[in-house]
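Everything quoted here is computed from the prediction, not taken from an experiment.
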Amino acid sequence: MRVLPKISAAIIVLTVFLGSGTSSARVKQYRVRVVGEYPHDVTSYTQGLFFNGGQMYESTGQYGSSTFRKVDLATGEALRKLSFDSRYFVEGSAVLGDNLYILTWTGNVAFIYDFKTLSYKSTVSYPRQGWGLTTDGKSLIASDGSSKLYFMTPEFKVTGTVNVRLHGKPLRYLNELEYIDGKIWANVYTTNMIVIIDPETGEAGAVIDCTGLLPDSLRTAETDVLNGIAYDGTTGKIYLTGKNWPRLYEVVLEEK
């Protein structure tokens with residue numbers, strides 16, 4: 001999504017990253033090290049990225065070109081693709097139980113598909129902006145551009161919320177989400193930062209600096225921001241990409 005000019009959003013967010021606040025807990029600082037590199041479709045305006053059963057899936061945005069894709073990791077090619085009406089800007093996606101859930105940005109609807117067949121099941125009302133979506137295996141977990149995360153039933157009934165804070169201050173623009181080992185990882189829109197959030201308290205206990213992940217030599221006028229975190233539970237590997245990036249990276253964390 002493009003909710004406000006990138007420069008002003010980045011200034012607001014980085015003020016929080018750099019601020020000391022009042023939190024007494026130490027925020028861990030990480031950098032990423034690339035251990036694998038794969039092709040990524042540069043037409044993919046990545047909004048949601050996840051693995052299920054060792055297979056990668058991706059939801060992509062933009063009016064008129066929003067899709068959901070079953071993706072071949074080795075080639076970056078879509079093995080299967082769902083396209084959406086031009087009035088919808090698709091956002092985060094997640095699988096819970098037998099269903100695939102897909103949010104829209106400002107369409108005030110979410111889509112439900114049968115995950116095994118990718119056949120359409122229903123369109124349901126969604127009262128907030130759709131940004132990121134993930135699951136802890138029990139609840140759907142969503143962001144809406146604010147500092148709040150929503151925990152929901154498969155019927156999108158909100159059962160709880162947490163306010164995300166970094167250095168004791170509210171952290172907004174939580175974008176693509178991924179649930180990894182009991183924590184929620186979130187891209188922070190317009191930055192090269194990922195935060196690791198405690199789902200019980202909302203505290204961001206770690207920051208991952210992804211600066212330079214995509215080298216300047218691979219950037220074009222169409223290259224957009226870092227967005228896309230996928231954890232393959234069958235291998236324990238973590239993958240990162242961005243909107244219209246030509247590469248998907250397997251990474252490991254190194255503490256600064």
Side-chain angles (χ1 to χ4, degrees), residues 1-3 6 37-52 55-95 99-115 118-120 123 126 129-135 140-145 173-178 185-190 194 210 213-214 218-232 238-250:
M1 68 290 298
R2 300 176 184 272
V3 292
K6 292 181 182 179
E37 185 174 332
Y38 302 88
H40 182 249
D41 187 343
V42 293
T43 69
S44 294
Y45 193 76
T46 306
Q47 301 291 72
L49 193 70
F50 65 89
F51 278 81
N52 187 283
Q55 171 64 54
M56 192 169 76
Y57 298 87
E58 182 176 22
S59 51
T60 75
Q62 298 288 29
Y63 293 109
S65 57
S66 287
T67 66
F68 179 80
R69 309 176 183 201
K70 179 179 181 180
V71 181
D72 185 309
L73 174 63
T75 66
E77 295 179 358
L79 301 173
R80 180 145 182 214
K81 184 188 293 187
L82 304 176
S83 297
F84 295 82
D85 189 277
S86 60
R87 64 185 146 157
Y88 296 119
F89 191 121
V90 160
E91 288 279 345
S93 53
V95 171
N99 290 333
L100 165 67
Y101 299 88
I102 302 174
L103 301 182
T104 61
W105 178 24
T106 57
N108 293 122
V109 298
F111 301 109
I112 303 175
Y113 287 78
D114 179 276
F115 178 59
L118 292 185
S119 57
Y120 171 82
T123 301
Y126 193 78
Q129 284 194 7
W131 284 48
L133 187 67
T134 190
T135 178
L140 294 169
I141 306 169
S143 59
D144 67 349
Y173 311 118
L174 304 170
N175 208 351
E176 216 271 315
L177 307 176
E178 185 79 352
W185 292 37
N187 284 114
V188 182
Y189 183 53
T190 76
I194 294 170
C210 300
L213 178 59
L214 182 69
L218 293 179
R219 293 180 176 272
T220 71
E222 300 303 314
T223 306
D224 214 300
V225 297
L226 176 78
N227 199 55
I229 309 165
Y231 173 68
D232 185 352
I238 296 170
Y239 301 85
L240 305 178
T241 192
K243 301 172 186 288
N244 302 133
W245 281 25
R247 296 289 188 274
L248 172 85
Y249 295 100
E250 179 192 341

For a side chain to side chain contact (heavy atoms under 4.5 Å, CB included) with Ile229, tell me which candidate from Thr241, Asn187, Leu49 qualifies.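 Testing Ile229 for a side chain to side chain contact (heavy atoms under 4.5 Å, CB included) against Thr241, Asn187, Leu49 leaves exactly one candidate, Asn187.
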Test of ring centre spacing under 6.0 Å for Phe68 and Phe111: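 No, they do not, as the ring centres are separated by 6.0 Å or more.
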Matching residue for Arg69 among Ser59, Ser93, Ser44 - test: side chain to side chain donor-acceptor pair (under 3.5 Å):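 Looking at Ser59, Ser93, Ser44, the match for Arg69 under the side chain to side chain donor-acceptor pair (under 3.5 Å) is Ser44.
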Closest heavy-atom pair and its distance - [X], [Y]:
X      : Y      : answer
Gly132 : Ser143 : N-OG, 2.9 Å
Ala94  : Leu140 : CB-CD2, 4.5 Å
Ala142 : Leu103 : CB-CD1, 4.4 Å
Thr46  : Glu58  : OG1-OE2, 2.6 Å

Say you draw a straight line from [atom1] of [X] to [atom2] of [Y]; how long is it, rounded to the nearest 0.5 Å?
X      : Y      : atom1 : atom2 : value
Leu213 : Glu37  : CG    : CD    : 9.0 Å
Leu226 : Thr190 : CG    : OG1   : 10.5 Å
Thr60  : Tyr45  : OG1   : OH    : 11.0 Å
Tyr120 : Ile102 : OH    : CD1   : 11.0 Å
Thr123 : Tyr113 : OG1   : OH    : 7.0 Å
Lys243 : Thr223 : NZ    : OG1   : 13.0 Å

My understanding is that only residues two or more places apart in sequence, or in another chain, count here; which of them pass side chain to side chain contact (heavy atoms under 4.5 Å, CB included) with [X]?
X      : result
Ser86  : none
Asn52  : Phe50, Tyr57, Val95, Phe115
Asp114 : Lys116, Thr117, Ser119, Lys121

For Asp232, salt bridge (charged side-chain N to carboxylate O under 4.0 Å, His left out) partners two or more places apart: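 Partners of Asp232 by the salt bridge (charged side-chain N to carboxylate O under 4.0 Å, His left out) criterion come out as none, since no residue qualifies.
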Would you please name every residue forming a salt bridge (charged side-chain N to carboxylate O under 4.0 Å, His left out) with Glu77, sequence neighbours left out?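 Once residues adjacent in sequence are excluded, Glu77 has no partner under the salt bridge (charged side-chain N to carboxylate O under 4.0 Å, His left out) criterion.
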So do the side chains of Val42 and Glu222 get within less than 4.5 Å of each other, counting heavy atoms only?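 No, their side chains stay 4.5 Å or more apart.
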Partner set under ring-ring contact (aromatic ring centres under 6.0 Å, His included) for Phe51, not counting sequence neighbours: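 So Phe51 forms a ring-ring contact (aromatic ring centres under 6.0 Å, His included) with Tyr239.
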